[in-house]
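Just below is one structure, and these are the notes that go with it.
Atoms within each ligand, like the ligands themselves, are counted from 1 in listed order.
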Amino acid sequence: MNDTLPNFPAGKAVIFNGHGLPFEFISREVPFIKPGEILVKTIYTTLCGSDIHTYSGRRLEPPKVVLGHEIVGNILWIDPAHPGKDFRGEPIKAGDRITWSIFSVPAGITPPRPDIPQKSEQLFKYGHALAAGDDVFNGGLADYCILRSNTALIKIDPSMPVKVAATISCAHATVMGAVRIAGDIAGKRVMVFGAGLLGLSCISMCREAGAGWIGVMDHDTTRLSWSRKFGANYAYSYPGDENLQLPWPEADIVFDMTGNPQVMKMGIDTLAVGGCAVWIGAVFPATPVQIDAQKVVRKLLQIRGLHNYNYEDFLLATSFIEKNYGKYPFEELIEMEYPLERIEEAFAFASNSRPVRVGIKIN
Ligand SMILES: [Zn+2]
């Protein structure tokens, strides 16, 4: 324990031990806070699609992990070696509400390129790390989260609903990155595949960026029913057979949030000459996408992938949500809420009923 660290009460953490195994509740004292770190009281975490994939065994994480990486909390303690400012340069203090980047680049590591820090070696990611010994406050399903040095954090107004604030650090920041690599959206015809939180966020960002027309496709009609409120012009049900005439018009930009190989192929087939496909949904193993290379060449198409996001995306996403959470009903997308104690039920419901998001309230 640091000499100067006040005596905070022990905290709970929920350990995921693997697919099919029960969650394990543990209690730990607040451990040693290293130089430059920040202790946060977690107040709300939303279950992201990748958490659900891990729970269902579709993707693998370390054998013991505190899941949850869409987190919001209040600062409890700032180590004196921290610069004391957020990513915008605003001074921070205990009690401030913050959102923070999903990753932290370890000290001494240089990112492969300045614009892709999320692909640095030895990258640390909240909600994805081995929970061992004292090091358990590193994911969203716990009372505390210890922010490593080099974590981009942004002070947000406590008036922003916690359900919305929690989703910034994965869903909205990733979508902001997807919109960035798609290029200029103004006046463009956009088709979004997948109407979960990523798709609906993308629709609203493209609407605000001045898209000419926005269509969205999903097999889930309940999810599609949200899309007009987020700015879509037209919603399409999954047509079933990728070889049929597609029921939507050509698009200049397509976004894939599904990770489904058939749907990604449909996206390529949707593109007009000079179009661009942005893929962010394919984050679990699947069969290869059958792409007609001649079509890509003759139609001058681009395919761009994005995993996670960079600091600028995170900053722009936070500003976007600050400006627009009252305009679009983001808060309503957290369709169900559970206390941390009912985490088993929360994951079962998220997995079986597929609400847009399930929120976990952490007292
Ligand atoms: Zn996520």
| remark: If you count every protein N, O or S atom closer than 2.8 Å to the Zn ion (ligand 1), you should arrive at 3
| field | Sequence-distant partners of Phe25, ring-ring contact (aromatic ring centres under 6.0 Å, His included), two or more places apart | value | none
| query | Once you round to the nearest 0.5 Å, how far does OG of Ser104 lie from CG of Asn138? | reply | 11.5 Å
| request: Go through the structure and list residues passing side-chain hydrogen bond (donor to acceptor under 3.5 Å, both in side chains) with Lys188, not counting sequence neighbours. | output: none
| Passing option when Phe330 is tested against Phe230, Trp226, Tyr325 for ring-ring contact (aromatic ring centres under 6.0 Å, His included) | Phe230
| said: Less than 3.5 Å apart, any donor N or O on the side chain of Asn308 or Lys119 sitting next to an acceptor on the other? | reply: no
| task | List in chain and number order the residues that pass side-chain hydrogen bond (donor to acceptor under 3.5 Å, both in side chains) with Asp96, two or more places apart in sequence or in another chain; answer none if no residue qualifies. | result | Lys93
